[in-house]
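Each remark here refers to the structure printed beneath this line.
Lettering follows sequence order; numbering is per chain, from 1. Atoms considered below: every heavy atom in the structure, side chains included; atoms not considered: hydrogens, waters and symmetry mates.
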2 protein chains.
Amino acid sequence: MSVTLKDVAQAARVSVSTASRALTGTGLTSERTQQRLVRIARELGYRPNPIARGLKTGQSRLVALLVHNLTNASFQVMAEVVQARLKALGYQMLLCIGGDDPQAESDTLTTLVDHRIDGLIVVPTGKNGAQLKALSKDVPIVCLVRRDDATDLETVLADDPQGAYLGTRHLIELGHKRIGLIVGRQDTTSGRERLSGYVRALREAGIARDDTLIHAGHYVPETGATCARKLLDLPRPPSAIFVANHEATLGVLRVTAERNIAIPDDLSLLCYEDMPWFEWHRPAISIVDNGARDLANLAVDRLLHRMDVKGNGNDGVREYRVGARLIKRDSCRQIDAPAPAKSGKSKSSSSKSSATKSAKV
Amino acid sequence: MSVTLKDVAQAARVSVSTASRALTGTGLTSERTQQRLVRIARELGYRPNPIARGLKTGQSRLVALLVHNLTNASFQVMAEVVQARLKALGYQMLLCIGGDDPQAESDTLTTLVDHRIDGLIVVPTGKNGAQLKALSKDVPIVCLVRRDDATDLETVLADDPQGAYLGTRHLIELGHKRIGLIVGRQDTTSGRERLSGYVRALREAGIARDDTLIHAGHYVPETGATCARKLLDLPRPPSAIFVANHEATLGVLRVTAERNIAIPDDLSLLCYEDMPWFEWHRPAISIVDNGARDLANLAVDRLLHRMDVKGNGNDGVREYRVGARLIKRDSCRQIDAPAPAKSGKSKSSSSKSSATKSAKV
DNA sequence: CGATAGACTGCAAACGATTGCAGAAACGCT
DNA sequence: AGCGTTTCTGCAATCGTTTGCAGTCTATCG
């Protein structure tokens with residue numbers, strides 16, 4: 001079927017071993033035969049069989065990435081980044097989708113090690129700590145985005161406390177005093193951390209924490225909508241909402257649209273994590289970028305490092321934090337200005353965002 | 001390291017071959033030893049090594065999916081579907097991202113066959129027909145979404161002519177006579193087909209084709225924006241725009257926002273392919289659903305079929321079409337009603353969208 | 001009772017590479 | 001020339017399975 005090492009060796013009238021050494025470039029072969037073999041191999045179109053090689057060396061040139069889904073924009077860019085990096089290094093990426101389901105995660109993990117993957121980057125559900133720990137003896141593993149507290153695996157995390165702090169402070173600086181927070185479940189690291197950043201910014205600014213302004217739930221549009229309604233139905237509704245997740249943002253936008261609440265005139269909106277269409281949306285939505293791209297890159301770096309060092313060389317560091325950054329667009333507005341006649345929370349549609357409108361069409 | 005067939009055989013005091021036969025269930029072994037071996041294997045936690053098996057059998061239990069990117073919502077759901085289906089069958093999915101770049105595609109293809117993948121589902125760039133054709137002798141291949149005209153590979157396509165026809169007809173039925181079309185490059189099948197569907201609907205309705213209303217370009221937001229501007233700058237701008245791609249839709253929305261064009265009051269908008277946020281957007285965007293999920297499922301079906309039949313059993317059919325369907329939401333409006341005073345293409349921001357605003361908040 | 005078919009089982013050779021070990025060739029040195 | 005190095009090459013084993021072939025055992029039948 002395809003050209004094997006044996007064919008090359010025969011064509012060159014040398015033994016298979018010599019051919020192998022010449023082509024893998026171990027330096028144990030003479031310059032002349034080396035070049036000759038390389039030439040012949042090329043002429044014959046020889047391509048080494050990774051399966052056979054893998055059997056002997058125990059490596060597969062396969063690295064797996066296990067994420068929850070692909071609808072999440074962060075996971076998308078991570079998958080793209082990981083794939084690109086690995087490909088450049090001659091690895092193939094096995095992309096697995098666990099759906100945040102412990103059982104599926106567990107199954108997937110075992111098949112992956114069966115396949116003798118050379119490395120694994122995983123967004124853990126947090127329910128398979130024991131298994132992950134056991135696996136990490138055989139395969140280099142790096143956790144991404146979430147930590148699995150039952151393990152001591154190297155983990156690359158977004159700096160959620162800082163990101164949430166940054167975002168909240170931004171809103172405070174714009175003059176907001178009542179800032180609604182829609183945040184993730186409090187039994188996840190990120191949920192807790194984002195809340196803590198928010199609280200810290202409030203405290204620093206000397207603003208009292210008001211628990212009626214804080215709502216936690218799953219990262220889905222429905223939750224966003226529900227929480228937004230609760231916030232807006234408050235006797236004294238917030239002047240700004242910080243949505244700590246992009247999926248939930250969809251729900252919030254829906255509610256503001258339904259109720260005809262103009263952003264940012266009637267309500268400022270700040271979102272955690274980017275989505276491609278946020279900057280095309282009108283108004284373009286300001287965000288705290290969790291640095292998905294950097295996260296993925298760092299995870300790959302760490303994984304490669306571990307794969308090199310072999311033997312699970314722990315160099316002490318267990319946790320890496322990737323800084324978040326604020327990207328200001330048009331969905332948050334200054335609020336402390338002495339309200340001019342037509343501004344404030346009227347239903348006017350003529351503030352900053354629309355001031356530059358052309359009458360074109 | 002891990003327990004091998006030899007270990008199992010030893011524990012059971014049989015030869016490796018017997019163990020192999022018992023565990024793979026060839027039926028060539030006595031009921032009793034069969035069950036005994038299965039038991040022992042389980043007790044020892046034996047897991048067959050796919051690499052070793054692959055070396056012998058020439059199969060890898062790996063199926064590759066090669067798409068252009070993951071930002072495209074259709075590709076996302078396809079990837080999810082393919083992954084789920086394959087996993088259920090004990091295959092792992094190799095997800096590759098080609099970026100619609102012929103060179104990358106070509107490279108990827110060769111590494112994939114190196115890895116002895118058992119099957120391939122590919123969204124071809126159309127520039128590597130020869131290679132694909134050659135590969136298809138070794139590996140079952142199914143093309144998805146796009147056809148590669150240089151090959152006779154089995155291909156699963158969206159019914160673009162029908163989808164475009166459906167969408168256009170919908171707009172016509174709503175009374176639109178001048179319908180702008182923003183469509184893909186005309187050197188792609190889908191680009192041409194979507195145009196043809198549009199043209200057919202027009203013809204059927206007895207509306208003359210107006211080429212100033214038709215713009216083609218890449219499926220990216222920028223193109224959408226550029227084309228939208230051209231359309232809106234026309235002396236007689238269209239009353240509806242049919243955007244034959246969701247990415248381009250972003251650009252269109254941006255332009256309508258910039259120019260304060262209310263949808264659907266000032267302009268009806270219909271989009272090809274769904275995106276998760278379209279139904280959360282306000283107004284919710286009407287679409288022609290290309291049936292990404294069905295496409296992926298069918299592609300997997302066909303691939304499995306080919307993998308079974310082995311020897312590239314062609315059963316004649318070369319092309320499968322998956323029907324598109326119209327999903328009406330809120331971005332298209334009836335236009336033939338005798339225009340009331342305040343409608344039309346004024347720059348007013350006070351049509352339906354803002355008329356119902358509550359002063360809430 | 002012996003022959004023979006049938007049902008299991010084991011031996012050993014693959015699959016395509018890598019690699020330890022030892023032999024061969026080439027070289028420099030005295 | 002003889003000897004020790006060094007450098008290169010080939011043999012053969014190995015990785016963990018599968019599988020053709022031949023051998024063993026039992027049971028059945030004439």
Listed partners of Arg85(B) passing salt bridge (Lys or Arg N to Asp or Glu O under 4.0 Å), at least two apart
Asp301(B)
If each end axis of the helix from dC1(C)-dG30(D) to dT30(C)-dA1(D) is fitted on five C1' pair positions, the angle between them, to 10 degrees, is 60°
Non-neighbouring partners of Asp118(B) that pass salt bridge (Lys or Arg N to Asp or Glu O under 4.0 Å), sequence neighbours left out:
none
Answer yes or no: is there a donor N or O on one side and an acceptor on the other, between the side chain of Glu105(A) and the main chain of Thr125(A), under 3.5 Å?
yes
Go through the structure and list residues passing ring pair (Phe, Tyr, Trp, His ring centres under 6.0 Å) with His115(A), not counting sequence neighbours.
none
Measure across Leu295(A) and Ala158(A) and return the closest heavy-atom pair with its distance rounded to 0.1 Å.
CD2-N, 3.5 Å
Please enumerate all residues that pass salt bridge (Lys or Arg N to Asp or Glu O under 4.0 Å) together with Asp100(B), with sequence neighbours excluded.
Arg146(B)
Distance-only donor-acceptor check, side chains Arg116(A) and Ser2(B), under 3.5 Å
yes
List for me each residue that meets side chain to side chain contact (heavy atoms under 4.5 Å, CB included) alongside Gln35(B), sequence neighbours excluded, and say none if there are none.
Glu31(B)
Its 5'-most and 3'-most nucleotides having an atom under 4.0 Å from a non-hydrogen atom of chain B, DNA chain D is contacted over dG16(D) to dG20(D)
With Asp114(A), which residues qualify under salt bridge (Lys or Arg N to Asp or Glu O under 4.0 Å), at least two apart?
Arg47(B)
Take a 6.0 Å sphere around CZ of Arg321(A) and say whether it holds more than 12 heavy atoms from other residues, nucleotides or ligands.
yes
Test of understanding: with ring pair (Phe, Tyr, Trp, His ring centres under 6.0 Å), list the residues that count as partners of Phe75(B), not counting sequence neighbours.
His68(B)
In B/S/- notation (B base, S sugar-phosphate only, - none; protein heavy atoms under 4.0 Å), nucleotides 10-17 of chain C written 5' to 3' is BBB-BBBS
Residues in residues 34-42 of chain B with a heavy atom under 4.0 Å of DNA chain D, by number, are none
Strictly by salt bridge (Lys or Arg N to Asp or Glu O under 4.0 Å), give each pair with a member in residues 3-19 of chain B just once, sequence neighbours left out.
none
